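All remarks here apply to the structure that follows.
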Amino acid sequence: MTEITGKTQLLGIIGHPVEHSLSPVMQNAAIASLEVDAIYVPFPVNPQQLKDAIAGFEAIGVLGFNATIPHKQAIIEFLSDIDPAAAAIGAVNTVLRIPSGWYGTNTDVMGFIAPLRKLQRDWSQIVPVVLGNGGAARAVVAGCVQLGCPQIAIVGRNENKLTQFKQSWQNTPFAEAINLHSWDKLPALLPTTQLLVNTTPIGMSPHDTATPVESTLLATLPDDAIAYDLIYTPRPTQFLHLAQQQGKTIIDGTEMLVQQGAAALQLWLQQPVPDKIMRQALLNAL
Ligand code: NAP
């Protein structure tokens, strides 16, 4: 670790709780390898003290920070500028100090699409099927639209929440792309999609044997389909294990985690960052 002096730039993550966050390990590994004079610190911030924490950050000249649960939505009112996609998503995970105050963006979107961009696909012909309609699904929707997908099938278990999900995108460029489906529509949806994304926690450790889609149904995906699970523990999840057995291309949640962090660090430092080192630090920590 670089020596901390009066000139060391402060970065960090706010959350409640924040102890479990893997971002400090990943970000400090990258900072050390770049030999920049900065440090990334986890800050436990109670929701009632968010305003005070932001004022404190301003007072001590924090360069930028990540926001995790439960601050991703609440932080928005303290920003002086926001990326349009983050505004449409309604969640910010990365904040940068700017002359007028704070600028917020959502690097989960970049994180989600980074491993997909490496695959040669004609996204304008692909209608992704997204399982779940929670917070992570929102970054996935924005990511799929940025890739060029014309429509996105959102699969949810609760009709009211599904309807609210669609309504929440009203007056944004993403609204037209969203189609809602219940889980019993999967047999009709899967044979026609090249991208199936799990944004539910089904299969997350310690429920390692659970899968959102059973093997026989998964087998109805086209041979060249991609199965993408946002979960990063276990690696692979049962969902990805089954998909891999069937010869599908699989992507797990680690790359999204690495790339959202790399995009944040790049924004703060305004220079290329070593995602390879971040990936290795994350894998060591996992
Ligand atoms: P969330 O806001 O709680 O949303 C979870 C969604 O899954 C909700 O739509 C929920 O449905 C649905 N769901 C939960 N259990 C279900 C079940 N048994 N059957 C059907 N649907 C179910 O959570 P989130 O923040 O979006 O996170 C979701 C997952 O993504 C987590 O595993 C998280 O670790 C992962 N994630 C990964 C990254 C990454 O960087 N790799 C980033 C963000 C999130 P209801 O709305 O009906 O309850």
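Ligands are counted one by one from 1 in listed order, and the atoms in each one are counted from 1 as well. Quantities reported herein were computed from a predicted structural model and do not represent experimental measurements.
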The closest protein heavy-atom partner of atom 42 (C) of ligand 1 is Met256 CE, 3.8 Å
Give the C-alpha distance, both sets of side-chain angles, the deciding distance and a yes or no for salt bridge (charged side-chain N to carboxylate O under 4.0 Å, His left out) between Glu255 and Arg279. CA-CA 8 Å; Glu255 199 54 20; Arg279 187 178 304 110; 2.8 Å; yes
among protein heavy atoms, the one nearest atom 46 (O) of ligand 1 is Lys161 CD, 3.1 Å
Would you say the side chains of Gln280 and Asn284 form a donor-acceptor pair under 3.5 Å? yes
Report yes or no: does Trp183 have a heavy atom closer than 4.0 Å to ligand 1? yes
State the atoms of ligand 1, each with its element, that fall below the 4.0 Å cut-off from a heavy-atom position in Tyr232. 41 (N)
Is a side-chain N or O of Gln246 found less than 3.5 angstrom from the main chain of Ser215, in a donor-acceptor match? yes
Using every non-hydrogen atom in the two residues, find where Tyr40 and Ser23 come nearest and quote the distance to one decimal. OH-CB, 3.3 Å
How far is atom 31 (C) of ligand 1 from its nearest protein heavy atom, and which residue and atom name does that atom have? Met204 SD, 4.2 Å
Of all the non-hydrogen atoms in the protein, which one sits nearest to atom 19 (N) of ligand 1, and at what distance? Ile202 CD1, 3.4 Å
Polar contact flag for Ile69 and ligand 1 (N/O pairs, less than 3.5 Å): no
Atom 23 (O) of ligand 1 within contact range, any protein heavy atom under 4.0 Å: no
Using a strict 4.0 Å cut-off to heavy atoms of Leu257, name the atoms of ligand 1 that fall inside it. 40 (O)
Would you name the heavy atoms of Val45 and Ala53 that are closest together and state the gap between them? CG1-CB, 3.7 Å
Below 4.0 angstrom, counting only protein heavy atoms, does anything approach atom 40 (O) of ligand 1? yes
Would you tell me which option among His207, Arg157, Gln260 has the nearest heavy-atom contact to atom 18 (N) of ligand 1? Arg157
Salt bridge Asp37-Lys7, side-chain N to carboxylate O under 4.0 Å: no
Using the six-membered ring of Trp169, assess whether NZ or CZ of Arg138 lies under 6.0 Å from its centre and within 45 degrees of the ring axis. yes
Protein contact to atom 30 (O) of ligand 1 [nearest heavy atom, distance to 0.1 Å]: Leu230 CB, 3.8 Å
Mind checking whether Thr199 contacts ligand 1 via backbone (N, CA, C, O), side chain (CB onward), both or neither, at a 4.0 Å heavy-atom cut-off? backbone
For Val95 and His71: C-alpha separation, side-chain torsions, deciding distance, then whether side chain to side chain contact (heavy atoms under 4.5 Å, CB included) applies. CA-CA 12 Å; Val95 178; His71 303 309; over 6 Å; no
Element-labelled atoms of ligand 1 that are located less than 4.0 Å from some non-hydrogen atom of Asn158: 47 (O)
Within-cut-off N or O pair, Asn133 and ligand 1, under 3.5 Å: yes
Could you walk me through whether Gln27 and Asn66 pass side chain to side chain contact (heavy atoms under 4.5 Å, CB included), step by step? CA-CA 11 Å; Gln27 298 290 3; Asn66 285 128; 4.1 Å; yes
Filtering Gly156, Pro201, Gly135 for the heavy atom nearest atom 1 (P) of ligand 1 leaves Gly135
Is atom 33 (C) of ligand 1 less than 4.0 angstrom from at least one protein heavy atom? no
Before signing off on this row, confirm whether Gly134 and ligand 1 have an N or O atom pair separated by under 3.5 Å. yes
Quick check on contacts: which atoms of ligand 1 are under 4.0 angstrom from a heavy atom of Gly253? 39 (C), 41 (N)
From the options Gly261, Ala139, Ala210, Ala136, select the one whose nearest heavy atom is closest to atom 44 (C) of ligand 1. Ala136
Is the contact between Ile231 and ligand 1 made by the side chain, the backbone, both, or neither, using heavy atoms and a 4.0 Å cut-off? side chain
Determine yes or no for a side-chain-to-main-chain donor-acceptor pair under 3.5 angstrom, with Thr193 supplying the side chain and Leu190 the backbone. no
Member of Trp102, Tyr103, Phe78 meeting the ring pair (Phe, Tyr, Trp, His ring centres under 6.0 Å) criterion with Phe65: Trp102
Gln270 atom CD, neighbour heavy-atom count above 12 within 6.0 Å: yes
Locate the shortest heavy-atom distance separating Cys144 from Phe112; write the atom from each residue and the value. SG-CE2, 4.0 Å
